[in-house]
Asks: 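One structure is given below, represented as structure tokens, and several questions about it will come after.
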Amino acid sequence: MAAVTYELIKKDAKTKARRGRVTTPHGTIETPVFMPVGTAATVKAMRPEEVKEMGAEIILSNTYHLYLRPGHEIVREAGGLHKFMNWDRAILTDSGGFQVFSLGDLRKITEEGVEFRSHIDGSKHMLSPEKSIEVQTALGSDIMMAFDECAPYPADRGYVKNSLERTTRWLRRCKEAWNDRENQALFGIMQGGMYKDLRKQSAEEIVELDLPGYAIGGLSVGEPKELMCDILDDCVDYLPEDKPRYLMGVGTPDYLFEGVERGVDMFDCVLPTRIARHGMAMTSAGKVNIKNAKYERDFTPLDPECDCYTCRNYSRAYLRHLFKSNEILSAMLLSNHNLHFLINLMRQIRKAIEEDRFLEFKREFYGKYGEF
Ligand SMILES: CNc1nc2c(CC[C@H]3O[C@@H](OC)[C@H](O)[C@@H]3OC)c3nc(N)[nH]c(=O)c3cc2[nH]1
Ligand SMILES: [Zn+2]
């Protein structure tokens, strides 16, 4: 029995949006889904009970960060990531490919893998397909991402073609190193930059390996939104209909709608918790910078349409006070709200697809949310 399976429940009548369910060894995931990011084995400022209470069925963590600190052997000795971080639902781990290119002090890419210096202490390391799978096996995540190169944007066609072909060779090596297939799934990652023919080539090469799920990588890397949507218009369809499709690093509400509309099932983004720590909230009436002086005597909830713990118990004036006073509770309360907001938005999107009113819901949301 494969570790991860996908069931298509309903397709939207007017768009490629689809409602589905992913089954994993640590429970099922209703899709489309927004996955909270827990890079260093914690969803920042949140206790697992709170993340569970808001309805999250899967969270993400990161090979690059956990390999460098505390080290995957320590997590293995702790009984794996689920035990270590007290999270008994599903976990997806990224392979480290993206972080090596965006965080580490990049030394060089070879056919073998990538040599880099740790962003923590400058020590030298090598991540390869085999090493990435070894680390993710030690972490015990339900879904392991293949070790890939996320091509930079912009990048010329020749570079992108060579890079995607190496990523495919790395994926074959990841599949060779993938052993516990009953308990851990391996997802391939499509690359190909902003070149539709290269996206098709990458998709054909990775789908040939018949993996349990596939991600669309190499996007949300600084390209204009229109360009990302244009690429997605075609490349989602290059992936099989009976497997989950994960768009990596996406995103804010508008990007979630655009991705769902084009048939994407899974999303992740660090923004909800990252902007929360700077006092920026996502609300049904658009973004709110709670540090703004206009909230000094505003004793109404952050978002009157939100039923999260923060909106039920605290006022904007109090949240502003916490941020102005640099209180730790500020990050906790606003992270809770922002995650709840996105998880709740996906719940409403799933319901809209079930009721064949996805486009109407999207228009209604855009009308209220204002500028993104
Ligand atoms: C933000 N835009 C973006 N993120 C991306 C990530 C990291 C997500 C991962 O990195 C962390 O957030 C930066 C999250 O923890 C997430 O974990 C899975 C990608 N990872 C891989 N392996 N390949 C890609 O092509 C890729 C593209 C991305 N575009
Ligand atoms: Zn709220």
Side-chain angles (χ1 to χ4, degrees), residues 34-44 50 54 58-66 91-103 114 127 129 132 136 139 141 143-153 155 160 163-164 167 170-171 174 187-193 199 202 206 214-223 228 231 246-252 255 259 266-274 276 281-285 288 290 300-316 319 333-345:
F34 173 78
M35 305 183 283
V37 173
T39 299
T42 158
V43 178
K44 292 188 182 344
E50 295 172 295
M54 64 178 67
I58 179 169
I59 59 166
L60 270 53
S61 204
N62 250 292
T63 295
Y64 169 86
H65 293 84
L66 295 173
I91 297 177
L92 179 152
T93 45
D94 196 9
S95 55
F98 184 82
Q99 278 70 31
V100 159
F101 295 110
S102 63
L103 276 177
V114 184
L127 257 188
S132 178
Q136 296 184 76
L139 300 177
S141 48
I143 299 174
M144 303 187 291
M145 299 311 295
F147 186 70
D148 63 331
E149 181 189 359
C150 173
Y153 173 78
V160 170
S163 168
L164 85 83
T167 286
W170 283 355
L171 177 59
C174 288
F187 277 23
I189 304 176
M190 179 214 289
Q191 293 294 341
R199 284 273 167 192
S202 176
I206 66 175
Y214 297 96
I216 296 166
L219 292 178
S220 186
V221 287
E223 75 280 9
M228 184 181 96
I231 294 293
Y246 165 26
L247 176 52
M248 302 191 84
V250 169
T252 45
Y255 280 84
M266 300 164 73
F267 301 86
D268 89 270
C269 183
V270 292
L271 281 181
T273 39
R274 182 174 296 172
M282 298 175 185
T283 78
S284 45
V288 167
I290 200 64
T300 66
L302 177 61
D303 183 344
E305 293 185 18
C306 179
D307 64 348
C308 83
Y309 167 73
T310 301
C311 293
R312 279 186 282 110
N313 293 289
Y314 305 95
S315 69
R316 291 171 171 184
L319 291 169
L333 293 179
L334 214 46
S335 298
N336 192 315
H337 166 78
N338 279 356
L339 285 174
H340 179 99
F341 180 83
L342 282 185
I343 286 174
N344 195 43
L345 175 60

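Whatever order the structure lists them in is the order used to number ligands and atoms, beginning at 1. Position 1 is the first residue of the sequence; numbering continues from there.
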Asks: Report the part of Asp148 in contact with ligand 1, treating N, CA, C, O as backbone and CB onward as side chain, heavy atoms under 4.0 Å; options are side chain, backbone, both, neither.
Replies: side chain
Asks: At a non-hydrogen distance cut-off of under 4.0 Å, which region of Met145 contacts ligand 1 (side chain, backbone, both, or neither)?
Replies: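 Answer for Met145: neither.
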Asks: Considering only heavy atoms, which of Tyr255, Tyr246, Phe98 lies nearest to atom 13 (C) of ligand 1?
Replies: Phe98
Asks: Testing the basics here: between Pro272 and Phe34, what is the closest heavy-atom pair and its distance to 0.1 Å?
Replies: CG-CZ, 3.6 Å
Asks: Can a donor-acceptor pair be found, under 3.5 Å and without considering hydrogens, that links the side chain of Thr167 to the backbone of Glu149?
Replies: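 A pair under 3.5 Å: yes.
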Asks: Which protein non-hydrogen atom lies closest to atom 16 (C) of ligand 1, naming both residue and atom, and how far is it?
Replies: Asp268 OD2, 3.4 Å
Asks: Around the Zn ion (ligand 2), list the protein N/O/S atoms within a radius below 2.8 Å, excluding water molecules.
Replies: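 Cys306 SG, Cys308 SG, Cys311 SG, His337 ND1, with waters left out.
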Asks: For atom 2 (N) of ligand 1, which protein heavy atom lies nearest, and how many Å away is it?
Replies: Ser220 O, 2.8 Å
Asks: Can you tell me the protein heavy atom closest to atom 12 (O) of ligand 1 and the distance?
Replies: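 Result for atom 12 (O) of ligand 1: Val270 CG1, 3.5 Å.
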Asks: For atom 15 (O) of ligand 1, what's the nearest protein heavy-atom neighbour? Residue, atom name and distance, please.
Replies: Asn62 ND2, 2.6 Å
Asks: Do me a favour and list the nearest non-hydrogen protein atom to atom 20 (N) of ligand 1 with residue, atom name and distance?
Replies: Asp94 OD2, 2.9 Å
Asks: Is ligand 1 less than 4.0 angstrom away from at least one heavy atom of Glu149?
Replies: no
Asks: What protein heavy atom sits nearest atom 25 (O) of ligand 1, and how far away is it?
Replies: Gly218 N, 2.7 Å
Asks: So for Gln191, does at least one of its heavy atoms come nearer than 4.0 angstrom to any atom of ligand 1?
Replies: yes
Asks: Does the side chain to side chain contact (heavy atoms under 4.5 Å, CB included) test come out yes or no for Met190 and Tyr214, once each step is laid out?
Replies: CA-CA 7 Å; Met190 179 214 289; Tyr214 297 96; over 6 Å; no
Asks: Could you tell me whether the side chain of Ser61 and the main chain of Gly38 form a donor-acceptor pair under 3.5 Å?
Replies: yes
Asks: Is there a heavy atom of Leu219 sitting under 4.0 angstrom from any atom of ligand 1?
Replies: yes
Asks: With a 4.0 Å heavy-atom cut-off (strictly under), which part of Ser95 contacts ligand 1: side chain, backbone, both or neither?
Replies: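 For Ser95, the contact with ligand 1 is made by the side chain alone.
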Asks: Could you check atom 10 (O) of ligand 1 against the protein and tell me its nearest heavy-atom contact, residue, atom and distance included?
Replies: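 Here the closest protein heavy atom is Gln99 NE2, 2.7 Å.
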